Each structure stands twice: as structure tokens, then as C-alpha cells.
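Heads up: the structure comes next, in C-alpha cells.
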Amino acid sequence: MKKHQLIFMCTALFIVLFYQQDMGINFGILGSSFAVLTYFYTRKINRNRTFLIIFALTILSAISWMWYADFPSFLSLIISILILTLKSKNRNMKPLFVIPVFVTNGFTFICRVFSFDKWLPKINTGKVFPKLLALFFFPLICLSIFFGIYALGSENFAELFKNYELDFDVWQFIILACLGFFLAFNYWHFAVERYLYKNHHFLNDSFRKEQKVVKPTYRFLGIELERTGGVITFMLLNLLLLFFIATYNYEQFYASSKLPHRLSEDTHERVYAVIISIVMAVFVIMFYFKSSFNFDPESRLLKTSAQVWLLLNGVLVVSALAKNTEYVLALGSTYKRIGVFAFLILCMAGLFYTHLKIKNQRTNAYLINRMFWYFYGMILASSFVNWGNLATIYNIENGKGDFYFLNSLRYNHKTLMDKFPEEANNSELKEYIKSEQEKSFLSKTLYWQTIDINKFK
């Protein structure tokens, strides 16, 4: 199938799926359709292991959207489908290019769409015009003339069409056609700028030969002065972090208030501080170990100091994990508290790969590439797992929160109906579920169809 055929076919599919519909199953069908077409449109040489895994994750993300239709499943489907099409064109292209490539294509759409010779087949206009004249214009003119004649000759014939109102939203059709074409065109005919191809090596995991030369970052400093400054910097940061860990843990576990509102505020403030601290720590190490000091034979003390700092930051993360665990044990589980665990785990992964970066003499891009995949995995886990129901079950088993607190979580309605039948019957939950189940097929979310509305009395 040719590229222009895919563009027009996907545009038509978009209109059919979304005309007079809300977002629901239709978006999942669209995403899975794009994925399947991408699979068959991709050359066999590019269907490597990574491509096949992303293809499977895209299909699973589409199913997740059709089941939940929430933001995590939406984000996982969008990221998966964009990585898939990027890999289909160039299997060695780093997934980090997804954002600049498709943002750039969005802005250059107007220019590229009028370059017809690059995406439309060459047409012999001498043959096309006679076909349009014979198959379209002449029949339409004849139909219009005879329609007028017959309308004048018969009032009943004219009345049949006079009182008929076509239930068709022209403006919605036009908007959907434009949006569908915009999405399909940028998906199937995206362009990777030559600048990105030329600078693709900056995202390699290993240093190039010329980068292994030991030289100072700034000429006026000199390599020895910069190395000594780095050692002093990490020594001071290690001492400062030791004092911070001591005071941090004292405040968390001995001096902090046990009142619910104070526990919540203190936990959030300290976790935010930890996350910012870890991010800044990684940036400092990326600055010192971006090239030369990875291969400097005299930088052993600098590397050791940096590794100690990473270890101390790891201790800080463990302390934050312990405090968040205490928070959950005291007040129960919520999306925000689960999110804190997720971000702290990402911090641990970042520290671990920063350690490997220094140990194995890798580039900063090595760390960024690995963290992108971890972030992508976190998005997938958020979309595939029903965290709201798991949190609800945990809270009920441990006596945390009432019906109204638990009802603030999502996709836990079966559990609420079983454990709190009276409260569920007296709430607006029944009407909400009923309204979701009565939507048209393409606008439905599958989760709501699994709930037996007859349980409400």
C-alpha cells in the first residue's frame, strides 16, 4: 500500500470512528489500527526485537485505553505509537527524538503538505480531466437539470425533498477531516531533519575517540585545577549531605508531628526536597563526568568522592521511602502516595545508572537513554495496573478511610458496591455508571460494561 493511500485511508477511518462520538473504544481502535498498519508497512530489516516489543506494547496500550480511557493509558498509547513509527523508519533512531521530530513536523505541516511530489504519485492531468468530466461533472449536471424539471412537473415529488432535513453536521465533518488528515499525514509522512541525523551521535552510549582526550572544560582552569576543584566540591557535598541525612531522619521519625494534616504536609515537603536533591546531584555528576574525567588516570579520588555522594543520596531515597511507607500505614493509600513511590524508584534507578556511567565510562546520553525507558515503563505500569482498586482493597483491609474517601479513587466501583452497598445505593454512583453504559458503542469504556447495574437496589 502506498503512503498517500495510507494517509487518506486513516483520515477516513478517523472520521468514521469519531463522527458524533465521544472518545472511548474508537480511540483504542484507531491506535491499534495504526500499529497494525505500521507493522505491515515496515520493512523486515527494521522489524527487530525492539520494534516487536514496542508493537506489542502499543496494542496493549490500546486495549488499556479501551478498558479505562484515562490519562495514563492515553499517554502510554501516544508514546508507544510514536516510538513505533520512529523505529519503523530507522531502527537505530533513539526514542528521545520522538519529541523534537513530531513537534517539528507539526509546525512544518503546512509547508510539507503542499510538496505534492514528495507524497502524492505523479498524475497525468491529460487523462484525469476527461475522467472527471465523464464520471462526475456530466452526471451531476444532468441530475441537477432533470431534478428541477421533475420538481416543476410534480408537487408531490418536490414535497418529498422540500421537507426532508439531512441529519448531517457539516462543520463537525470538516473539522474531523482536517484533524484526521493532519494526524495521518504527520504519522505516515513525518520527516527527520538532516540536522538530527547529523547530531544523532550525541546520544550514543559510548564516547568517540576524540572525546577520550583528557582536557579541561575551560582552558583558563587547567586540568589539575579543575580536578582538584571537583574533589573539593564532592568532599564538601558529602559532608553537607551527611548532616542533612542526620537532621532529615531526626525530623522525620522523631520530631515530626503525628497529626494527620501535619504528617501529610511534612511528608510531601520532604519528599519534594529529596527528589530535587537527587536530580541536582545527577546533574552535577553529569557536568564533571561528561568527557575527560572518565579517562583521566589521576581522577580516582574524584570518582570515589562522586560514588560516595551517590551512595549517600541512595540512603536519602531509602529514608524518603520509609517515611512515605509510614504515611501510607497511618492514613491509607492514594494515587499521590503511590506516585511518590514511583518517583522515588525512578530516583533510585537514576542513581544506579549514574554509578554505572562513572564505573563503565559512559556518556551522559547513556544515562538519559536508560531513564527514558524507565519513565516509559512507569507510564505503562500506570496504564496497565488498576492502582485505584488495589489501593481501595488495601485501605478496606486496614480500616483506612470511609466510602466517600475511597470513592475519590477510580475504577474501584465493584469493590465499593460489595463492601459499602448501602452507601453506594444512596450515592450518585448508579446514575454515573448508567450514563456510561448507555453511550454508543464507539464512545463506551469497557470497564463500565463489566459492572452489574442490577446490584443497586
Side-chain angles (χ1 to χ4, degrees), residues 217 221 225-290 293-294 299-331 333-359 362 364 366-368 370-371 374-375 378:
T217 304
L221 283 178
L225 186 61
E226 186 175 351
R227 185 193 309 114
T228 304
V231 170
I232 294 172
T233 299
F234 282 113
M235 289 290 189
L236 292 175
L237 288 174
N238 283 328
L239 288 174
L240 181 65
L241 187 53
L242 277 172
F243 283 110
F244 179 72
I245 290 173
T247 56
Y248 180 85
N249 283 281
Y250 174 77
E251 290 176 354
Q252 280 201 123
F253 301 107
Y254 298 102
S256 63
S257 172
K258 298 300 180 181
L259 295 174
H261 70 281
R262 287 301 308 164
L263 181 60
S264 174
E265 293 176 5
D266 292 345
T267 302
H268 290 152
E269 288 176 1
R270 287 165 186 157
V271 166
Y272 295 150
V274 168
I275 292 175
I276 294 173
S277 171
I278 300 301
V279 172
M280 294 303 297
V282 171
F283 277 137
V284 170
I285 289 177
M286 288 173 67
F287 171 77
Y288 275 100
F289 292 94
K290 58 184 177 295
F293 288 127
N294 288 281
S299 63
R300 183 175 299 177
L301 182 59
L302 178 65
K303 292 180 179 179
T304 302
S305 301
Q307 296 282 22
V308 170
W309 197 35
L310 289 174
L311 180 62
L312 292 176
N313 275 283
V315 173
L316 189 61
V317 174
V318 171
S319 300
L321 284 168
K323 186 61 179 181
N324 197 54
T325 302
E326 180 189 19
Y327 185 21
V328 171
L329 292 174
L331 300 178
S333 181
T334 63
Y335 285 126
K336 194 171 185 179
R337 294 159 203 172
I338 294 173
V340 169
F341 281 122
F343 278 104
L344 290 175
I345 291 172
L346 280 179
C347 287
M348 288 295 287
L351 292 174
F352 174 71
Y353 278 105
T354 305
H355 158 71
L356 291 182
K357 166 194 155 41
I358 298 174
K359 179 182 177 183
R362 298 292 187 178
N364 288 339
Y366 165 83
L367 176 61
I368 297 171
R370 296 302 180 279
M371 292 312 300
Y374 269 84
F375 176 76
M378 185 184 73

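All of these numbers come straight from a predicted model, not from anything done at the bench.
Side-chain contact between R370 and L356 is absent, with no heavy-atom pair separated by less than 4.5 Å. Looking at heavy atoms from C-beta onward, N249 lies out of side-chain contact with K323 at the 4.5 angstrom threshold. In this structure, F244 and L316 have side chains that are in contact, with non-hydrogen atoms separated by less than 4.5 Å. Side-chain contact between F289 and R362: absent, with no pair of heavy atoms (C-beta onward) separated by less than 4.5 Å. Side-chain contact check for Y248 versus V274: some heavy-atom pair is nearer than 4.5 Å.
Of all heavy-atom pairs spanning S305 and F234, the tightest one is CB-CB, 3.5 Å. M371 and A349 make their closest contact through SD-C, 4.0 Å (heavy atoms, listed as atom of the first residue, atom of the second, distance). Between L346 and F375, the shortest heavy-atom distance links the atoms CD2-N, 4.2 Å. G230 approaches L302 most closely through the heavy-atom pair C-CD1, 3.3 Å. In terms of heavy atoms, L321 sits closest to T325 at O-OG1, 2.7 Å.
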Requested in this report: Could you walk me through whether L311 and H355 pass side-chain contact (heavy atoms from CB on, under 4.5 Å), step by step?
Outcome: CA-CA 9 Å; L311 180 62; H355 158 71; over 6 Å; no
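The neighbour count for F343 CZ, taken as heavy atoms of other residues, nucleotides or ligands under 6.0 Å away, does not exceed 12.
K357 places no side-chain N or O within 3.5 Å of a backbone atom of L367 that could act as its donor or acceptor partner. With hydrogens and angles ignored, the 3.5 Å screen pairs no side-chain donor or acceptor of N313 with any backbone N or O of I278. With N324 contributing its side chain and V340 its backbone, the two residues share no donor-acceptor pair below 3.5 Å.
A distance of 9.5 Å separates OG1 of T354 from OH of Y366, quoted to the nearest 0.5 Å. To the nearest 0.5 Å, the span separating CG on L237 from CE on M280 amounts to 10.5 Å. Here CZ of F283 is found 9.5 Å from CG of N364. Values are rounded to the nearest 0.5 Å. If you take CG on L310 and CD1 on I358, they are separated by 5.0 Å, rounding to the nearest 0.5 Å. Of the inter-residue distances, the one linking Y374 atom OH with C347 atom SG reads 13.5 Å to the nearest 0.5 angstrom. Taken from CD1 in I245 to CG in L312, the straight-line distance is 5.0 Å, to the nearest 0.5 Å.
Because its NZ or CZ atom is not both nearer than 6.0 Å to the ring centre of Y288 and within 45° of the ring axis, K290 does not count as a cation-pi partner of that residue.
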